[in-house]
Colleague: 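Attaching a single structure in structure tokens format; questions to follow.
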Amino acid sequence: MCGRYALYTPIEAVARLFGVSELHAHDLDPRYNIAPTQEVPIVRRSPYPVAESGAEPARELALARWGLVPFWAKDPSIGNRMINARGETAAGKPAFRNAFRKRRCLVPADGFFEWQKTADGKQPWYIRDASGEPMALAGLWELWDPPEGGEPLASCAIITTAANELMRPLHDRMPVILDQAGREAWLDPAAKPERLEALLAPAPDGILEAWPVSRRVNSPFNEDPSLVEPA
DNA sequence: CCAGACGTTGTT
DNA sequence: GTCTGG
DNA sequence: CCAGACGTTGTT
DNA sequence: GTCTGG
């Protein structure tokens, strides 16, 4: 699955690489240990209508809480358990299907962590694109209105799929990683269900690299560049 | 009908 | 053992 | 995902 | 809001 990741490429560069026209998040610190419940940048089509023009809705970078809170939730804590959505079933699940139809997003990540079970306990690994460029993880996002009023809460989940060859020794699940064409299709509101389904597959072998890292990443309170260095 | 879940992973 | 919070 | 709490009453 | 289980 995917329960921890890193994003340290400057957000302006991420925006450029992801074709973002509106940047709604600035001055973000580089992150080496992003944990569920934290605010993370996502790339999405603007949920708001474009003024007059009839132009394409903007592709924007916004912030969302990691852990999807369905609109019908009475309490946002349900999001603590909705950090991933299975690609095989998300389209039909009550908690995800509205988002699957209407609110797909990309979650930029320089890499993600997986924990491998060994005789000595769990060994964390860092996995990234071999090019070193930020990856686009397939995501869903949602808006939740607090019953007591106030600002709606934006939240998101990362889609998972079966592990590919590289990942299999480490873990049996991995996040869905979208290539350039996949990113376009995933964000296309008119995408056909069968096209979307085809996107939610393990990454091809050969595009990723992985190495063991320090167990200091285990604590979400640790946050420094050495967490993604080989150890 | 109403009540209660709505999710994933991992472990047994 | 299981839930909550980060 | 992992870490850390897991409880109540009463007092500050 | 909508589905599942009783």
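All of these numbers come straight from a predicted model, not from anything done at the bench. Lettering of chains follows the sequences in order, A, B, ..., and the numbering in each one begins at 1.
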Colleague: Provide the start and end nucleotides, 5' to 3', of the part of DNA chain D that has atoms under 4.0 Å from heavy atoms of chain A.
Modeller: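 Contacts span dC1(D) to dA3(D), reading 5' to 3'.
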Colleague: Donor-acceptor pairs under 3.5 angstrom involving side-chain atoms of residues 91-100 of chain A: please list them, not counting sequence neighbours.
Modeller:
| from | atom 1 | to | atom 2 | distance (Å) |
| --- | --- | --- | --- | --- |
| Asn98(A) | OD1 | Arg101(A) | NH2 | 2.9 |

Colleague: Ignoring hydrogens and angles, write down the donor-acceptor pairs under 3.5 Å from the side chains of residues 155-162 of chain A, residues two or more places apart or on other chains.
Modeller:
| from | atom 1 | to | atom 2 | distance (Å) |
| --- | --- | --- | --- | --- |
| Ser155(A) | OG | Val69(A) | N | 2.8 |
| Thr160(A) | OG1 | Arg173(A) | NH2 | 3.2 |
| Thr161(A) | OG1 | Leu200(A) | O | 3.4 |

Colleague: Output the residues of residues 215-224 of chain A in contact with DNA chain D, where contact means a heavy atom of the residue under 4.0 Å from an atom of the strand; sort by number or write none.
Modeller: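 When residues 215-224 of chain A is checked for heavy atoms under 4.0 Å from DNA chain D, the hits, listed by number, are Asn218(A), Ser219(A).
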Colleague: When you look at Leu61(A) and His24(A), which way does the side chain to side chain contact (heavy atoms under 4.5 Å, CB included) test go after all the steps?
Modeller: CA-CA 6 Å; Leu61(A) 192 145; His24(A) 292 160; over 6 Å; no
Colleague: Rounded to whole angstroms, how far apart are CZ on Arg101(A) and C1' on dT2(E)?
Modeller: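 Between C1' of dT2(E) and CZ of Arg101(A): 11 Å.
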Colleague: Taking the P atom in each of dT8(D) and dT4(C), what is the distance between them to the nearest angstrom?
Modeller: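 Here dT8(D) and dT4(C) have their P atoms 14 Å from each other.
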Colleague: Within this structure, what is the CD-to-C1' distance between Glu39(A) and dG6(C), rounded to whole angstrom?
Modeller: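 My rounded result for the distance is 13 Å.
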Colleague: Are any of the side-chain nitrogens in Arg86(A) or Glu88(A) under 4.0 Å away from the carboxylate oxygens of its partner?
Modeller: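 Salt bridge between Arg86(A) and Glu88(A), a charged N being under 4.0 Å from a carboxylate O: yes.
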Colleague: Which value, in whole Å, describes the distance between the P atoms of nucleotides dG7(B) and dG5(E)?
Modeller: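 Each nucleotide's P atom is 12 Å from the other's.
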Colleague: So Asp172(A), base contact, sugar-phosphate only, or nothing? Heavy-atom distance under 4.0 Å.
Modeller: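 Sugar-phosphate contact only - Asp172(A) comes under 4.0 Å of backbone atoms but never of a base.
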Colleague: Is it the case that Arg215(A) and Asn222(A) place a side-chain donor and acceptor less than 3.5 Å from each other?
Modeller: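 Side chains of Arg215(A) and Asn222(A): no pair found under 3.5 Å.
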Colleague: Tell me yes or no: between the side chains of Ser46(A) and Arg59(A), is some donor less than 3.5 Å from an acceptor?
Modeller: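 Absent: no donor and acceptor within the cut-off.
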Colleague: How long is the gap from CG on Asn80(A) to CZ on Arg65(A), to the nearest 0.5 Å?
Modeller: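 The CG atom of Asn80(A) sits 5.0 Å away from the CZ atom of Arg65(A).
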Colleague: Stepwise, does the side-chain hydrogen bond (donor to acceptor under 3.5 Å, both in side chains) test hold for Trp115(A) with Gln123(A)?
Modeller: CA-CA 5 Å; Trp115(A) 279 259; Gln123(A) 172 62 50; over 6 Å; no
Colleague: Please work out which residues in residues 61-83 of chain A have a non-hydrogen atom less than 4.0 Å from an atom of DNA chain E and list them by number.
Modeller: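 Correct list: Phe71(A), Trp72(A).
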Colleague: Pick the C1' atom in dG6(C) and in dA5(B), then give their distance to the nearest Å.
Modeller: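 Here dG6(C) and dA5(B) have their C1' atoms 25 Å from each other.
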Colleague: Dump the intermediate steps for side chain to side chain contact (heavy atoms under 4.5 Å, CB included) on Leu208(A) and Ile177(A), then the final yes or no.
Modeller: CA-CA 10 Å; Leu208(A) 301 176; Ile177(A) 301 165; 3.9 Å; yes
Colleague: Does the pair Ile42(A) and Leu106(A) meet the rule for a side chain to side chain contact (heavy atoms under 4.5 Å, CB included), with working shown?
Modeller: CA-CA 6 Å; Ile42(A) 62 171; Leu106(A) 309 177; over 6 Å; no
Colleague: Would you write out the dot-bracket form of DNA chain E, 5' to 3', with Watson-Crick and G-U pairs under 3.5 Å, [ ] for crossing pairs, | for pairs to other strands and . for unpaired bases?
Modeller: ||||||
Colleague: Write down the distance separating the P atoms in dC6(B) and dT2(C), rounded off to the nearest Å.
Modeller: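 One P to the other, the span is 16 Å.
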Colleague: C1' atom, dC2(B) versus dT12(D): distance in rounded Å?
Modeller: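 One C1' to the other, the span is 47 Å.
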Colleague: Considering non-hydrogen atoms only, spot the tightest contact between Leu166(A) and Ala210(A) and give its length.
Modeller: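 Between these two residues, the closest heavy atoms are CD2-CB, 4.2 Å.
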Colleague: Determine whether the aromatic ring centres of residues Phe112(A) and Trp125(A) are separated by less than 6.0 angstrom.
Modeller: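 Ring centres of Phe112(A) and Trp125(A) not closer than 6.0 Å.
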Colleague: Applying side chain to side chain contact (heavy atoms under 4.5 Å, CB included), run through Tyr32(A) and Asp224(A) and close with a yes or a no.
Modeller: CA-CA 6 Å; Tyr32(A) 302 91; Asp224(A) 68 83; 5.6 Å; no
